[in-house]
Structure formats: structure tokens, C-alpha cells
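As the structure lists them, so they are numbered: ligands from 1, and atoms in each ligand from 1. The structure displayed is predicted, hence computed values, not measured ones. When reading the values below, keep in mind they use all heavy atoms of this one structure, side chains included, and skip hydrogens, waters and symmetry mates.
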Amino acid sequence: MAGLGAFLKGLRVTGKVMVDTVFGDGLVTTKYPEEFRPKPQRFHGRHVLNRYPDGMEKCIGCELCAGACPARCIYVRGLDNPPEHPVSPGERYGYVYEINMLRCIFCGLCVEACPTEAITMTHLFEMSTSNRGDAIYTRNELLMRPDGSVPHMFPEDPLAKMSELATADGWVRATAPSGVAAYEGVQAWQGTPGPASWAPEPTQEELDA
Ligand code: SF4
Ligand code: SF4
């Protein structure tokens, strides 16, 4: 009897979806790519390497993300920052940074492991390629541009303009250890990639006052 109950329950769900699809507005499919549904805030899409508001790269080439990755799909090589023109605030920066998207399971552990919030994930899910080589994202595809925009793997693709590229799955720390004074000592967070596109959040003291 339990089996029959489960069967009838499933049949009822199927029937409801069919009725909604034909007579109601409960469509279960949309015309893609013209229409697409917004993703949940914590959707795990392709990665991005972030910058501080002063334009410096957040990645310090520590390789912790590569160590944490269960799929072993991140390859990082750090290089000492040139003293005259440092790329990041640390001793080193991510000179080589690659993610093999064919192996990535989008678990987000690299994001968790990163001590500087250099790597976060966007809402972009369009990653099909016609060859394996294009599935390996390098600094060219991952590193945020100085204006805060995120490069797309295929710039000629109309989908490159999709809003997912402008949304991150989590908080990006805005605090710059060097540069913009307004951010000094302030732990400010934002949900979208892009340097200097947000105002620092109030400090705990200001919230308590
Ligand atoms: S999301 Fe997971 S599998 Fe993908 S690169 Fe990060 S740690 Fe590796
Ligand atoms: S992305 Fe983060 S964890 Fe990975 S090498 Fe750069 S600073 Fe280290």
C-alpha cells in the first residue's frame, strides 16, 4: 500500500505540473537565452579573481586554494612582487593562475580557503566549449579588469553581457590594506565584484552607538 501511495503522490505532482503548464503561469521551462530565471544568491558559477578598490590584485599566490581543492583542478604559481610596481599587497602575487573547469565540481572550497577573498564565484553558468583547452581558465579569463568588470571566456558571445557576470555568490571583502583611506580598518562587504563600487559598511562601534 505504501508503494501505491507514493505512486499516486507522484502522479498528482506530475498532473499538477501539466495543468499549470497548459492552463496556468507555472511554466517549468523558459525560452533560453531570451528568458532566464535569476539564480539564488549563493549559486556557484564560474570563478573570478578580485581586486581591491585601489586596483591591486587580491591574490597573493599562496596556493591555499589549490591545496583545498578536492578535484585538484587549480594550478597556482606565485612570484615575488616587483618592489617598484607591486601587483598585490603581499610579498607575492598569483603569476600563474589556472582552473580546469572540466574537473571543477563547484564546491566553493577554494573560496573558503582563500585568506584574502581573492577568489569568489559569480552566477555565470555558460561555460560550454568545443575543445578541452578552452575549459582551462587562466588569469586572462579569471582576473577582474581594473574597471571592475569580469572578462568573459568568449567576448563575442552575446551571453557575455548577461547579468550573471556582475553578481558574486558571496561577500567580497572591500578592505584595502593599501590605497583608499576610506577603507582603512573597515571590514566592508559586498555581493558583487568590482573595485570601489560600494560604500564601506558601518563599523561595529558605529552600529552599537
Ligand atoms: S569550486 Fe571546488 S572543485 Fe572547483 S576549483 Fe574551487 S575547490 Fe576546486
Ligand atoms: S586565490 Fe587566494 S588562496 Fe588561491 S593563491 Fe590566491 S590568495 Fe591564495
Open item on the list: For atom 8 (Fe) of ligand 2, what is the closest protein heavy atom, and at what distance to 0.1 Å?
Closed with: C62 SG, 2.2 Å
Open item on the list: If you define the side chain from C-beta out and look only at heavy atoms, does anything of N50 sit under 4.5 Å from E117?
Closed with: no
- [ ] Looking only at protein heavy atoms, identify the closest one to atom 2 (Fe) of ligand 2 and say how far it is in Å.
- [x] C114 SG, 2.3 Å
Open item on the list: I need the C110 SG to L64 CG distance, nearest 0.5 Å.
Closed with: 11.5 Å
Open item on the list: Checking the side chain of R77 only, and the main-chain atoms of V96 only, is there a donor and an acceptor separated by less than 3.5 Å?
Closed with: no
Open item on the list: Would you say that more than 12 heavy atoms from the other residues, nucleotides or ligands in this model lie under 6.0 Å from the CZ of F106, or not?
Closed with: yes
Open item on the list: List ligand 1 atoms under 4.0 Å from G108, heavy atoms only on the residue side.
Closed with: 1 (S), 2 (Fe)
TODO: If you have a sec, work out which protein heavy atom is nearest atom 6 (Fe) of ligand 2 and how many Å separate them, to one decimal?
DONE: C59 SG, 2.4 Å
Open item on the list: To the nearest 0.5 Å, what is the distance between CD on E57 and CG on N81?
Closed with: 8.5 Å
TODO: Check if G90 has a non-hydrogen atom at a distance under 4.0 Å from any atom of ligand 2.
DONE: no
Task: From E91 atom CD to C62 atom SG, the distance as rounded to the nearest 0.5 Å - done: 12.0 Å
Open item on the list: Please determine whether residues L49 and I99 belong to a single hydrophobic cluster, defined as Ile, Leu, Val, Met, Phe, Trp and Tyr linked transitively by side-chain heavy-atom distances below 4.5 Å.
Closed with: yes
Open item on the list: Any side-chain to backbone donor/acceptor pair from T122 onto R46? Under 3.5 Å, distance only.
Closed with: yes
Task: Side chains of R92 and L79 in contact at under 4.5 Å (non-hydrogen atoms) - done: no
Task: Nearest non-hydrogen protein atom, atom 7 (S) of ligand 2 - done: I60 N, 3.3 Å
TODO: Quick one: look at P115 and ligand 2, take heavy-atom pairs under 4.0 Å, and tell me if it's side chain, backbone, both or neither.
DONE: side chain
TODO: Can you check the number of protein N/O/S atoms within less than 2.8 Å of atom 8 (Fe) of ligand 1?
DONE: 1
Open item on the list: I need the nearest protein heavy-atom contact for atom 5 (S) of ligand 2: residue, atom name and distance, please.
Closed with: E63 N, 3.2 Å
Open item on the list: As an exercise, state the distance from CD1 of I105 to SG of C73, rounded to the nearest 0.5 Å.
Closed with: 8.0 Å
Task: K58 to R51 - nearest heavy-atom pair and separation - done: CE-O, 3.5 Å
- [ ] Enumerate the atoms of ligand 1 whose separation from the nearest heavy atom of H47 is less than 4.0 angstrom.
- [x] 1 (S), 4 (Fe), 5 (S), 6 (Fe)
Open item on the list: Please list, in number order, the atoms of ligand 2 under 4.0 Å from a heavy atom of T116.
Closed with: 7 (S)
